[in-house]
Protein chains: 2
Amino acid sequence: MQKQETLTKNQKIILDIIEKSSQPLKAYSILFDVKKKGINAPLQVYRALDKLVKIGKIHKIESRNAFIACKNSKCQIANATIFSICESCEDVTEIHDHKLSEHLRDFKDNKGMKYNKYNLEFFGLCKKCV
Amino acid sequence: MQKQETLTKNQKIILDIIEKSSQPLKAYSILFDVKKKGINAPLQVYRALDKLVKIGKIHKIESRNAFIACKNSKCQIANATIFSICESCEDVTEIHDHKLSEHLRDFKDNKGMKYNKYNLEFFGLCKKCV
DNA sequence: CTTATAAATGTTATATTATTACACAGCGTT
DNA sequence: AACGCTGTGTAATAATATAACATTTATAAG
Ligand SMILES: [Zn+2]
Ligand SMILES: [Zn+2]
Ligand SMILES: [Zn+2]
Ligand SMILES: [Zn+2]
């Protein structure tokens, strides 16, 4: 059974907006959207984003400073994310590839480092943009 | 034979600073350092950084907004970067793992996307920080 | 050498992304 | 009640990055 986080009002509002978007949203664009709901300051957005990232409901696309909902409803892999990013249309897709995930999970370097997280971003051109 | 880019004065100054640091540097910390050499504005730094990234002399650590020199002097892999990042001391190391690189290079998703680049960041605790 | 073209520079201003600091509210535990 | 913890609201500010414009330098073509 999965631990069910109870989200607060602000967290729900922010998550809702991100989940309704198929593509990553930026913090200030989210802020703009939620002003009508009484969220007025960047910090309110960033705090909700931080929490949602932490519990795996959303992921941050580091190269884009944007946030996308995790489609995997039982996401065990908040700490193991893979994305493909089209450099033309900026379309972002989360990749779930068992073999690749396994390879990354099992990766050991030669420095004795203990990993607990990874983020992989592939860049290229999607079918439409080739 | 590898194409030898000729760097301009600003590019050399910025690259020099980054190469002298074992760890990633942030743009504004670089700016601070090069003021004594007559580079006064952020844009001068960012332009040099852009170029150096493009030709593979340095890499951007996306999750840290910082830049590190590529140690691989004949870097064929400006477009294929793997880093390990200690979340405690922020030590960053570029990883060269043939098997993993191969796996990533050969990765194909099921959307027909054409990749030309990837960036992978592992997070955890280094030996000293465990 | 002259002209054209691309790449880099210098400068100012501005945009975008993210955090610090502080006062306070709600909630479960002791 | 007192405490610790998490979240909230607000204002101010820090940190990261780009736009716009005028000028200069390097490279190539005629
Ligand atoms: Zn996910
Ligand atoms: Zn595309
Ligand atoms: Zn490298
Ligand atoms: Zn460490």
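Chain letters run A, B, ... following the sequence lines, proteins first and then strands; every chain starts at 1.
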Exercise for the section: Can you spot which of A/Ile14, A/Leu25, A/Val53 makes a side-chain contact (heavy atoms from CB on, under 4.5 Å) with A/Ile58? Expected result: A/Val53
Fill in the blank from the handout: Closest of D/dA17, D/dT8, D/dT16 to the B/Lys60 side chain is D/dA17
Completion exercise
Separation of D/dG9 atom P from A/Arg47 atom CZ, nearest Å, is 8 Å
Handout entry: Closest-nucleotide 5' rank along DNA chain D - winner of B/Ser29 and A/Thr8
Key = A/Thr8
Completion exercise
Between CG of B/Asn65 and C1' of D/dA14 the distance, given in whole Å, is 13 Å
Exercise for the section: State whether A/Lys9 places a side-chain N or O below 4.0 Å from either non-bridging phosphate oxygen (OP1 or OP2) of D/dT8. Expected result: no
Exercise for the section: In whole angstrom, give the distance that lies between atom CD of B/Glu62 and atom C1' of D/dA17. Expected result: 13 Å
Exercise for the section: Identify whether A/Phe32 and A/Ile39 are in the same connected component of the hydrophobic contact network (ILVMFWY, side-chain heavy atoms under 4.5 Å). Expected result: no
Problem - Cluster overlap A/Phe123 with A/Tyr118, hydrophobic side-chain contacts below 4.5 Å - result: no
Handout entry: Check: B/Gln11 side chain, B/Thr8 main-chain N or O, donor-acceptor pair, under 3.5 Å
Key = yes
Exercise for the section: Mind calculating the distance between OH (B/Tyr46) and C1' (D/dA19) to the nearest angstrom? Expected result: 14 Å
Exercise for the section: Describe the nucleic acid contact of B/Ile39 in one word from base, sugar-phosphate, nothing, applying a heavy-atom distance below 4.0 Å. Expected result: nothing
Completion exercise
Between CG of B/Asp50 and C1' of D/dA19 the distance, given in whole Å, is 14 Å
Exercise for the section: May I ask you to evaluate whether A/Gln44 reaches the phosphate of D/dT8, defined as a side-chain N or O under 4.0 Å from OP1 or OP2? Expected result: no
Handout entry: Candidate list A/Thr93, A/Leu104, A/Asn119, test side-chain contact (heavy atoms from CB on, under 4.5 Å), partner A/Ile82, passing option
Key = A/Leu104
Exercise for the section: Return the value, rounded to whole Å, for the distance between atom CG of A/Leu52 and atom C1' of D/dG7. Expected result: 13 Å
Practice task
Measure the angle between the two terminal helix axes of the helix from C/dC1-D/dG30 to C/dT30-D/dA1, five base pairs each, and quote it to 10°.
Solution key: 30°
Exercise for the section: Give a yes or no answer on whether the side chain of B/Asn10 reaches the backbone of B/Ile13 with a donor-acceptor pair at less than 3.5 Å. Expected result: no
Problem - Is_stacked (B/Tyr28, D/dT16) at 5.5 Å, 30 deg - result: yes
Completion exercise
By nearest-heavy-atom nucleotide on DNA chain C, the more 5' of B/Ala41 and A/Phe67 is B/Ala41
Handout entry: A/His59 vs A/Glu94 side-chain heavy atoms within contact, under 4.5 Å
Key = yes
Practice task
For B/Glu121 and B/Ser63, test the side chains for any donor-to-acceptor distance below 3.5 angstrom and give the result as yes or no.
Solution key: yes
Completion exercise
From CG of A/Asn10 across to C1' of D/dT10 the rounded distance in Å is 13 Å
Practice task
Kindly say whether B/Asp97 contributes a backbone atom to a donor-acceptor pair with the side chain of B/Ser101 at under 3.5 angstrom?
Solution key: yes
Practice task
Name the first nucleotide and the last nucleotide along DNA chain C (5' to 3') that come under 4.0 Å of a heavy atom in chain B.
Solution key: C/dA8 to C/dT12
Practice task
In whole angstrom, give the distance that lies between atom CG of B/Leu25 and atom P of D/dT16.
Solution key: 12 Å
Exercise for the section: Evaluate the ring planes of B/Phe107 and B/Tyr115, with Trp represented by its six-membered ring, and classify them as parallel (under 30°), tilted (30 to 60°) or perpendicular (over 60°). Expected result: parallel
